[in-house]
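I have placed the structure first, in the form of structure tokens, so that the comments after it can refer back to it.
For the numbers below, each heavy atom of this structure counts, side chains included, while hydrogens, waters and symmetry mates do not. Counting begins at 1 with the first residue of the sequence.
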Amino acid sequence: MDFRLKTLTAREAASTEADALILLWPDAWDGSDAAQADPLTLWARQALVDGDLQPEPGQWLAAHRLPEVRPRRVVLVRCGDGSPRRVRQAVTTAFGALKAGAPVRSLVLQLGELSSLAVCAAAQAVAEASYRYTTTLSQPQPRALSAVTVGVARQEAVQSAFDEAVAIVRGQELAKEWANRPANHATPADLADAALALQSRSIEVDVLGPKEVAKLGMGAFLAVAQGSEQPLRFIILRYRGAPKAVAPVVLIGKGITFDTGGISLKPPADMDEMKFDMSGAASVLGTFEALAQLRPALNVVGLIPACENMPGGRSVKPGDVVRSLSGQTIEILNTDAEGRLILCDALTYAQRFAPRAMIDVATLTGACVIALGHVRSGLFATDDGLAQALLDAGDAVADPCWRLPLDDDYGEALKSSFADVANVGGRAAGLVTAAKFLQRFVGQTPWAHLDIAGTAFKSGKDKGATGRPVPLLVRYLLDEAARIQVDTPRAPRRGRRAVTA
Ligand code: BES
Ligand code: MN
Ligand code: ZN
């Protein structure tokens, strides 16, 4: 989909060639500006005078073949205070109104005076509303919308924010695509291929297989993968946007391409949704896609442990003890708590990059869905600055998270008589004990964990991946690049440590 940003008056928007036009109307504009005697404004004002368009946010009015307006279909929609949230809702509503008719291939989205964040929200909402999954349909109905012209009061003022929004949309759509693909169309090897396809001037990708992972000593990761016919992959992505000496941010995505639970088998109801158990991995891929487009000045490493969790004659069994890459032994009491097993080895591996921060992203616990539902992702962090940066990034792009505690007392539940640690605690605070398990593997590196079990996908009639938390991650990385720039205004001199966290 082609997004274009333009400075447009209402009159210019009306004379732009397109199938449809959506006109946003914030409260701040009362329609009384007499100088604007353009056809759209006159229509909008008259609708208000006639009482045919109530001022409440989300109220809308559609018209067909308005005189002197080139797009055949026009939807006028109220967007309240013009906040990102209201704008998103308004655009979703207006696009929904257009869906009933002939396919909209080209659209003018006339926003006027809105803030940068609201413009981003609008772009995201159009992408979201027009998205279609097609990969495994024999007669796909692809997204009709191919060109969106976003009209604003001053293009220069919002151009960079708009470019970021478009890159986020692209990354989010890549994440959705991979998360939505069924497990037989998204094997660990397929995920590795998806990563390799991202290789470019700024992105390098390495892929390890079972032999290499065994040689490294990732006993926990291997234990999960050993029950499957699909060989595991350990995917390493490197984005280079700053000098080598600048410590990278490491992103780690849980890549369980299907989670049956293993020998601790899950019940059949909704088990198909466990194809989404690689949403963390998909969000890392999506984030790298956005990085390739935006080229921010920082270094980022992506790590994706990818495998299936299957029951079988070779599967790991409850009670088995394995040795992790860190050297710690783990008693696997429940094979369905597999995410933390693949992540712990990736967290240990991550430390070889001497990262400024590492963030793992995982559909880790059903308990997180119970605690926070489908609105906020669970956030855990050992570093207050990192936690705040992620909270702020999520709020800015409507991909919010909420911080949860890491008191050591929660870790007591993981005690084992047969290994250094057990992979499950009890039912109580299951999302926290999962995080406490991971924390044992982070060393001194500032670390954050995002539990996206409730936010990465939707169930029921809207079943599908959301592409979260790509917006949060990209926003955080752009903010981090800006912070690095302030810390190190010039390129570092040779032989000196350039950056401290
Ligand atoms: N992938 C699941 C968590 C999950 C559940 C994600 C629902 C999305 C929606 C994870 O591997 C898992 O099975 N967790 C167990 C842990 C338990 C055995 C301690 C859970 O949450 O039940
Ligand atoms: Mn599981
Ligand atoms: Zn899982």
Less than 4.0 angstrom from a charged side-chain N to a carboxylate O is my criterion; do E128 and K176 meet it?
yes

NZ (K6) with more than 12 external heavy atoms under 6.0 Å:
no

Fit a plane to each ring of Y349 and F234, take the angle between them on a 0 to 90° scale, and name the class: parallel (under 30°), tilted (30 to 60°) or perpendicular (over 60°).
perpendicular

For a quick test of reading the model, state the closest non-hydrogen atom pair linking G255 to I304 and the distance between them.
CA-CG2, 4.5 Å

Test ring-ring contact (aromatic ring centres under 6.0 Å, His included), reference F457, set W178, Y133, F276, output is F276

Nearest heavy-atom neighbours spanning A422 and K415
CB-O, 4.1 Å

Is the F162 ring parallel, tilted or perpendicular to the F3 ring (thresholds 30°, 60°)?
perpendicular

Measure up the F437 and F441 rings against each other and bin them: parallel (under 30°), tilted (30 to 60°), perpendicular (over 60°).
tilted

The test is side chain to side chain contact (heavy atoms under 4.5 Å, CB included); show your working for E204 and L237 and say whether it passes.
CA-CA 6 Å; E204 277 170 49; L237 303 104; over 6 Å; no

Just do the side chain to side chain contact (heavy atoms under 4.5 Å, CB included) check on L341 and N423 with the steps written out, would you?
CA-CA 8 Å; L341 295 172; N423 78 326; 3.9 Å; yes

Salt bridge flag under 4.0 Å for residues R181 and D190
no

Counting only heavy atoms not in R323, do more than 12 sit closer than 6.0 Å to its CZ atom?
no

Heavy atoms from other residues, nucleotides or ligands near CD of Q444 exceed 12 (cutoff 6.0 Å)
no

